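In this text the structure is predicted, and so the values were computed from the model without any measurement. Each chain gets a letter, A, B and so on, in the order its sequence line appears, and its residues count up from 1.
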Amino acid sequence: MSDKIQAIRGMHDILPDQTPRWQGVERAFREVLASYGYQEIRLPIVEKTELFKRSIGEVTDIVEKEMYTFDDRNGDSLTLRPEGTAGCLRACLEHGLLHQPSLRLWYMGPMFRHERPQKGRYRQFQQMGVEAYGMAGADIDAELILLSKRLWKTLSIDHKLELQINSLGTVEERLVYREKLVEYFRVHFDALDEDSKRRLETNPLRILDTKNQQMSDVVKGAPALNECLGEASLSHFQQLTRTLDEAGVSYTINPRLVRGLDYYSRTVFEWVTTELGAQGTVCAGGRYDGLIAQLGGKASHAIGFALGVERLIDLLDDPARFDEAISPHAYLIRVGSEAERIGGLLAEQLRDALPQLRLIVHCDGGSFKSQFKRADKSGAAYALILGDNEVQNLNIGVKNLRKESEQITLEHYQLIPYLQSLIQI
RNA sequence: GUGACCGUAGUUCAGUUGGUAGAGCACAGGAUUGUGAUUCCUGUUGUCGUGGGUUCGAGCCCCAUCGGUCACCCCA
């Protein structure tokens, strides 16, 4: 065991017994996104390190200690992407996609962060992300939230997720607030715990989100963010809440909801659950209007969210329900060299005629008994049987492996319509 | 980066005060010379994570190291 090469810590293989649920979730995501007119974009997994430093923020944990960064052979510093927004925006700027008035995109793929793994958190993890560019109004904010909610409904996990929203104001408003907050906490410095003293330098807004009960009094006395919001930011947020109310989406306004990444402004939201241990956030996002100009583009508007697929899958009530969609319809048993020859040809004819058919052909010989065992284990609904008798009589046996019923014998020409009717059911 | 708990067969786990390694599942074969899933019988499976120490003797005790899980920090 010790001399075998193992996977990297926090980077997991998704084995065949897991892939159906992954495919199921991915399919649901694709279908929901298509129903809102979003287009897929596929992006590199590696980008220049500078991109993430400039977008995520130099002093965030992600940039400071969680990135997989290495030097390319020509000396460039490259980084395995820790999130998707920066790369997506880079691609759109690079190809001039933002010259159109609005753009709705989605992507999915692996992200990398060098953290200690724990439940629902891995060093390589899968994110599905959505980005919408060029739209200033709160209606697109609401669209993203409604879209995400539709995804939970499609996956039947909407009862496990709660929506939290907040407004961070514009970057300028938030800077003013940040000053006020730092000033306040400096006065109450002795009441802060070690983590919070450190956060005072790095991300003071995070102090509001502390889990330390002993600090609740200090936190309660702190100035509130919404006092620093301007007219425009306030009405933007009001429009969002009104739209959500009218759409029947319930939510909690969490004034302490601050996102970890520097680029957010105005609307931020999270879908959280209590069922995943310490990692409660399944999906999070927000508006990041300032980022486009920050990355060298013409000032515009942007909003997006990302969701962690591993966390989403952990939330599924009955993940096994996705297995059925890929289990084979039929398993072809063939005993004897003539049966193997005829069976191989027959199988290809069946696949020609029935592209939807999922058919496994038994290979490598073996007795009827052992082939039936494999047929059962494959999950196939039916066994197709070719032995000496069938070869001699030019017919084929069909047996239902999941229901108690008599095995029947069909002529070859009857097989295609018979299987077709089974698939349709 | 910090802390707690855990590493025994392909897998899930048992293993007594330290006495020389076991069960279920899985897998293979048979009971059934052409029939799975159920039942019965038989069989295979191990550097006890790794390295060192204590001991007549270590799966068990000690140290180190690697890996896993969960939590903190932080985040999807």
Side-chain angles (χ1 to χ4, degrees), chain A residues 1-10 12 15 17 56 59-66 81-85 108-130 148 193-196 198-199 202-203 206 209-212 258-261 269-273 276-286 304-315 331 333-336 339 362 366-392 397-404 406-407:
Chain A
M1 208 62 164
S2 63
D3 60 346
K4 280 185 191 157
I5 296 176
Q6 290 175 283
I8 310 298
R9 170 183 295 216
H12 294 296
L15 301 179
D17 64 329
I56 297 169
V59 296
T60 56
D61 273 28
I62 291 178
V63 170
E64 279 186 338
K65 51 186 198 192
E66 293 174 3
R81 61 183 185 191
E83 53 99 54
T85 295
M108 70 169 93
M111 307 294 165
F112 302 83
R113 290 182 201 171
H114 194 103
E115 307 172 275
R116 277 292 270 279
Q118 71 188 73
K119 188 177 179 64
R121 191 182 55 194
Y122 310 101
R123 289 187 174 179
Q124 176 175 338
F125 60 103
Q126 202 77 9
Q127 272 192 351
M128 302 195 288
V130 178
S148 55
D193 59 17
E194 285 307 310
D195 281 331
S196 297
R198 184 175 45 76
R199 289 191 191 108
T202 56
N203 193 343
R206 272 268 157 217
D209 209 16
T210 181
K211 289 175 186 171
N212 188 342
V258 294
R259 313 293 353 288
L261 284 55
F269 64 93
E270 279 189 12
W271 288 95
V272 296
T273 179
L276 290 182
Q279 253 55 51
T281 304
V282 171
C283 170
F305 70 77
L307 63 89
V309 183
E310 287 86 353
R311 293 180 185 179
L312 201 57
I313 286 175
D314 278 348
L315 227 42
Y331 190 104
I333 286 167
R334 37 181 204 164
V335 179
H362 182 92
S367 62
F368 276 93
K369 185 186 178 69
S370 64
Q371 295 201 29
F372 264 97
K373 276 190 173 178
R374 299 264 193 103
D376 181 48
K377 209 161 303 166
S378 76
Y382 289 84
L384 307 181
I385 303 143
L386 276 182
D388 289 343
N389 293 345
E390 288 80 4
V391 167
Q392 219 159 40
V398 178
K399 179 173 181 177
N400 190 329
L401 295 172
R402 306 299 148 197
K403 257 188 259 160
E404 208 53 59
E406 197 79 1
Q407 178 174 326

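Side-chain contact of Q118(A) with Q279(A): a donor-acceptor pair under 3.5 Å is present, judged by distance alone.
In this structure H12(A) satisfies the side chain to side chain contact (heavy atoms under 4.5 Å, CB included) test together with Y122(A), sequence neighbours excluded. For the side chain to side chain contact (heavy atoms under 4.5 Å, CB included) test, residues two or more places apart in sequence or in another chain that qualify with R199(A) are D195(A), S196(A), T202(A), R206(A), I207(A), T210(A). For R402(A), the side-chain hydrogen bond (donor to acceptor under 3.5 Å, both in side chains) test picks out D376(A), with sequence neighbours left out. With sequence neighbours excluded, the residues that form a side chain to side chain contact (heavy atoms under 4.5 Å, CB included) with V391(A) are E338(A), A339(A), I342(A). With sequence neighbours left out, the salt bridge (Lys or Arg N to Asp or Glu O under 4.0 Å) criterion links K119(A) to no other residue. Legend: residues meeting salt bridge (Lys or Arg N to Asp or Glu O under 4.0 Å) with D314(A), ordered by chain and number and at least two apart, are absent. Taking E270(A) as the reference, L257(A), R259(A), V272(A), T281(A), A284(A) meet the side chain to side chain contact (heavy atoms under 4.5 Å, CB included) condition, with sequence neighbours excluded. Residues passing the side-chain hydrogen bond (donor to acceptor under 3.5 Å, both in side chains) test with K369(A), sequence neighbours excluded: none.
Here rC74(B) is the nucleotide among rC74(B), rA76(B), rC72(B) with the atom lying nearest to any side-chain atom of D61(A).
A heavy-atom distance below 4.5 Å is found between the side chains of H114(A) and R123(A). At least one side-chain heavy atom of L276(A) sits under 4.5 Å from a side-chain heavy atom of L315(A).
Contacts of Q279(A) with the nucleic acid, taken as non-hydrogen atoms under 4.0 Å apart, include base atoms. Heavy atoms of H114(A) sit nowhere under 4.0 angstrom from any nucleic acid atom. At a threshold of 4.0 angstrom between heavy atoms, the contacts of R113(A) include nucleobase atoms, whether or not backbone atoms are also involved. Residue Y122(A) is classed as a base contact, given a heavy-atom separation below 4.0 Å to a base. When heavy atoms are screened at a 4.0 angstrom cut-off, G285(A) is found touching no nucleic acid atom at all.
Dashed line: the shortest gap from a side-chain N or O of R206(A) to OP1 or OP2 of rC75(B) is under 4.0 Å. Taking side-chain N and O atoms only, R198(A) has no distance below 4.0 Å to OP1 or OP2 of rC73(B). The shortest distance between the side-chain N/O atoms of Q118(A) and the OP1/OP2 oxygens of rA71(B) is below 4.0 Å. OP1 or OP2 of rA76(B) has not a single side-chain nitrogen or oxygen of R121(A) nearer than 4.0 Å.
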Original post:
Given pairs defined as Watson-Crick or G-U wobble with both distances under 3.5 Å, what dot-bracket annotation applies to RNA chain B, with ( ) intrastrand, [ ] crossing, | other strand and . unpaired?
Top reply: (((((((..((((.....[..)))).(((((.......))))).....(((((..]....))))))))))))....

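One can place CG of D195(A) at 17 Å from P of rG1(B), the figure rounded to the nearest angstrom. In this structure, R9(A) places its CZ atom 14 Å from C1' of rG49(B), rounding to the nearest Å.
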With 3.5 Å as the limit, what N/O pairs link the protein to nucleotides 3-10 of chain B?
residue, atom, partner, partner atom, Å
rG3(B), O6, R116(A), NH2, 3.3

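For residues 108-117 of chain A, every residue pair satisfying the salt bridge (charged side-chain N to carboxylate O under 4.0 Å, His left out) rule, not counting sequence neighbours, is listed here: E115(A)-R121(A).
With hydrogens and angles ignored, no donor-acceptor pair under 3.5 angstrom links the side chain of R199(A) to the base of rC73(B).
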**OP:** Give the B/S/- string for nucleotides 33-39 of chain B, one per nucleotide from 5' to 3', where a protein heavy atom under 4.0 Å of the base yields B, of only the sugar-phosphate yields S, and otherwise -.
**Re:** -BBBB--

